[in-house]
Amino acid sequence: MKTNLRILWVIALCVVCMSSCNNSVSYADLKKAQERAINKFVAEKGFEILKDYPADGVFGENRFVKLDNGIYLNVVDSGNGNRAVIGKTTVLIRFKVIDITREGDAGIDFFDNGATPLEFLYGNAEYIVAMNQGNIGSYYYSYFGRGIESILQYVGENAVVKVIIPFEEGSKAQEAYGTPLYFEKLKFVYY
C-alpha cells in the first residue's frame, strides 16, 4: 500500500513539474512582447524612427535612430568632442529611466535623488555585468549593460542622450524579465 501511494505521489509530482514547465515564456515570445511594447511606447511618445544616423549628427527632439544592435538613440548633446578610450577612460553615468512595459512606472532619477553615479571602465561592460549578475539589489544589476557602453562610440565626454535599450543589450534584470528600458536622460562624464 505504501509503495502504491509513493508511486502515485511521484507521478503526481512529475505531472505538476511538467505542466509548470509548459507555462514558461519562450525567448521568441519575450522578443514579440518587447517589440509590441516598444512600438506602443514610440507611438504614444510621437517618436520618429530614422533609418540612418544623421549625417550631420544632429537629431530633432523626437527623432531616434535604430542602431544595428536594436538600441534606439537620440543624441541631445554630443559632448565636448573628447572620445572615451577603451581600457583607459573611466566613465560616470547619471540617468533618468523607466521600464516601458509597466504602465505608470515612475522609474528612477539619478539626477534628483543624490545617488552616486554608476562608474565603469570603458571596455569592461561585460565584466561589470558578470560581477553583478547575482546582486539583485545593485543598480548595476538593474540598469547597467553593454548597451549603455556601446553608445560611447557615437558621443563624447559630457554627452547627453535619450535611449531605448532592449533587454538583449541591457542589464541582467532586463534579461531576466525581458523588459526594455527607456533612458529619458543619460549623461556620460569622464573621470
Side-chain angles (χ1 to χ4, degrees), residues 24-79 83-84 86 89 91 93-103 105 107-108 110 118 120-133 138-156 159-188:
S24 64
V25 178
S26 72
Y27 181 78
D29 290 338
L30 287 175
K31 291 279 291 176
K32 287 177 188 173
Q34 174 175 256
E35 184 178 351
R36 284 191 303 273
I38 290 174
N39 289 341
K40 179 182 175 192
F41 185 77
V42 165
E44 286 174 354
K45 294 290 188 181
F47 294 160
E48 178 185 350
I49 307 303
L50 307 172
K51 293 190 186 292
D52 298 308
Y53 197 93
D56 61 2
V58 178
F59 287 76
E61 183 177 340
N62 286 331
R63 293 181 137 189
F64 286 72
V65 63
K66 185 175 181 182
L67 304 173
D68 291 338
N69 59 3
I71 290 175
Y72 294 79
L73 174 66
N74 171 282
V75 178
V76 176
D77 182 341
S78 62
R83 297 296 180 145
I86 291 177
T89 305
V91 181
I93 57 172
R94 287 197 179 276
F95 52 84
K96 183 175 182 182
V97 61
I98 62 168
D99 175 348
I100 67 173
T101 62
R102 293 187 355 199
E103 198 72 33
D105 180 23
I108 189 163
F110 270 74
L118 300 187
F120 65 97
L121 181 64
Y122 183 40
N124 282 1
E126 291 293 336
Y127 173 75
I128 293 167
V129 169
M131 291 299 295
N132 286 282
Q133 70 183 0
S138 165
Y139 288 124
Y140 288 96
Y141 175 83
S142 298
Y143 303 111
F144 183 78
R146 66 183 171 269
I148 286 178
E149 183 180 68
S150 73
I151 297 165
L152 289 172
Q153 66 187 304
Y154 300 98
V155 297
V160 177
V161 299
K162 295 187 279 187
V163 63
I164 299 172
I165 298 186
F167 71 83
E168 310 93 280
E169 295 294 320
S171 68
K172 281 297 182 185
Q174 285 181 263
E175 289 177 8
Y177 300 108
T179 56
L181 294 178
Y182 173 57
F183 289 81
E184 186 177 336
K185 183 178 181 183
L186 172 61
K187 183 171 184 175
F188 297 97

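When reading the values below, keep in mind they use all heavy atoms of this one structure, side chains included, and skip hydrogens, waters and symmetry mates. We number each residue from 1, following the sequence as shown.
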Exercise. Any salt bridge between Glu175 and Lys172, counting N to O under 4.0 Å?
Worked result: yes

Exercise. Got more than 12 heavy atoms from elsewhere within 6.0 Å of CG, Asp56?
Worked result: yes

Problem set entry | Option among Val76, Asp77, Ile148, Leu73 that satisfies the side chain to side chain contact (heavy atoms under 4.5 Å, CB included) test with Val161 | Leu73

Exercise. Roughly how far, to the nearest 0.5 Å, is CD1 of Ile100 from CD1 of Ile38?
Worked result: 5.0 Å

For this session: Count the heavy atoms of every other residue, nucleotide or ligand shown that sit under 6.0 Å from OH of Tyr177, and state whether that count exceeds 12.
Result: no

Problem set entry | Shortest non-hydrogen contact between Gly60 and Asn74, atoms and distance | O-ND2, 2.8 Å

Exercise. What's the shortest heavy-atom distance between Asn132 and Ser138, and which atoms?
Worked result: OD1-OG, 3.3 Å

Exercise. Is the closest side-chain heavy-atom distance between Gln174 and Tyr143 below 4.5 Å?
Worked result: no

For this session: Quick one: closest heavy-atom pair of Ser150 and Ile71, and the distance?
Result: OG-CD1, 3.6 Å

For this session: Start with the C-alpha distance between Phe64 and Val42, add both sets of side-chain angles, then the distance that settles side-chain contact (heavy atoms from CB on, under 4.5 Å), and finish with yes or no.
Result: CA-CA 10 Å; Phe64 286 72; Val42 165; over 6 Å; no

For this session: Determine yes or no for a side-chain-to-main-chain donor-acceptor pair under 3.5 angstrom, with Glu126 supplying the side chain and Arg146 the backbone.
Result: no

For this session: Give the intermediate values and the outcome of side-chain contact (heavy atoms from CB on, under 4.5 Å) for residues Val97 and Ile165.
Result: CA-CA 10 Å; Val97 61; Ile165 298 186; over 6 Å; no

For this session: Please examine the side chains of Ile98 and Phe41, heavy atoms only from C-beta on, and report whether any two atoms are closer than 4.5 Å.
Result: yes

Exercise. At what distance, to the nearest 0.5 angstrom, does CZ of Phe47 lie from NZ of Lys66?
Worked result: 15.0 Å

Seminar exercise, completed: Here the pair of heavy atoms bringing Lys185 nearest to Val160 is CG-CG1, 3.9 Å

Exercise. Around Lys187, counting heavy atoms of other residues, nucleotides and ligands shown, do more than 12 lie under 6.0 Å from its NZ?
Worked result: no

Exercise. In Å and rounded to the nearest 0.5 Å, what is the CD to CD distance from Glu169 to Glu149?
Worked result: 11.0 Å

Exercise. Rounded to the nearest 0.5 Å, what separation is found between the OH atom of Tyr182 and the NZ atom of Lys45?
Worked result: 6.5 Å

Problem set entry | Straight-line distance of Ile93 CD1 to Phe110 CZ, nearest 0.5 Å | 8.0 Å

Seminar exercise, completed: Shortest non-hydrogen pair, Pro180 vs Thr101, comes out as CD-CG2, 3.5 Å

For this session: Under the side-chain contact (heavy atoms from CB on, under 4.5 Å) rule, what do Tyr122 and Arg83 come out as? Steps first, then yes or no, please.
Result: CA-CA 11 Å; Tyr122 183 40; Arg83 297 296 180 145; over 6 Å; no

Seminar exercise, completed: dist Phe167:CZ -> Lys31:NZ (nearest 0.5 Å) comes out at 6.0 Å

Exercise. Where the side chain of Ser171 meets the backbone of Gly145, is there a donor-acceptor pair that is under 3.5 Å apart?
Worked result: no

Exercise. More than 12 heavy atoms of other residues, nucleotides or ligands under 6.0 Å from CD of Glu44: is that the case?
Worked result: yes

Exercise. More than 12 foreign heavy atoms under 6.0 Å from CD of Glu35: is that the case here?
Worked result: no

For this session: Apply the test side-chain contact (heavy atoms from CB on, under 4.5 Å) to residues Leu118 and Phe95: give CA-CA distance (whole Å), side-chain angles for both, the deciding distance (0.1 Å), then the verdict.
Result: CA-CA 9 Å; Leu118 300 187; Phe95 52 84; 3.7 Å; yes

Exercise. For the residue pair Tyr53 and Phe59, does the interplanar ring angle fall in the parallel (under 30°), tilted (30 to 60°) or perpendicular (over 60°) class?
Worked result: perpendicular

Problem set entry | Nearest heavy-atom neighbours spanning Thr179 and Gln34 | C-OE1, 4.4 Å

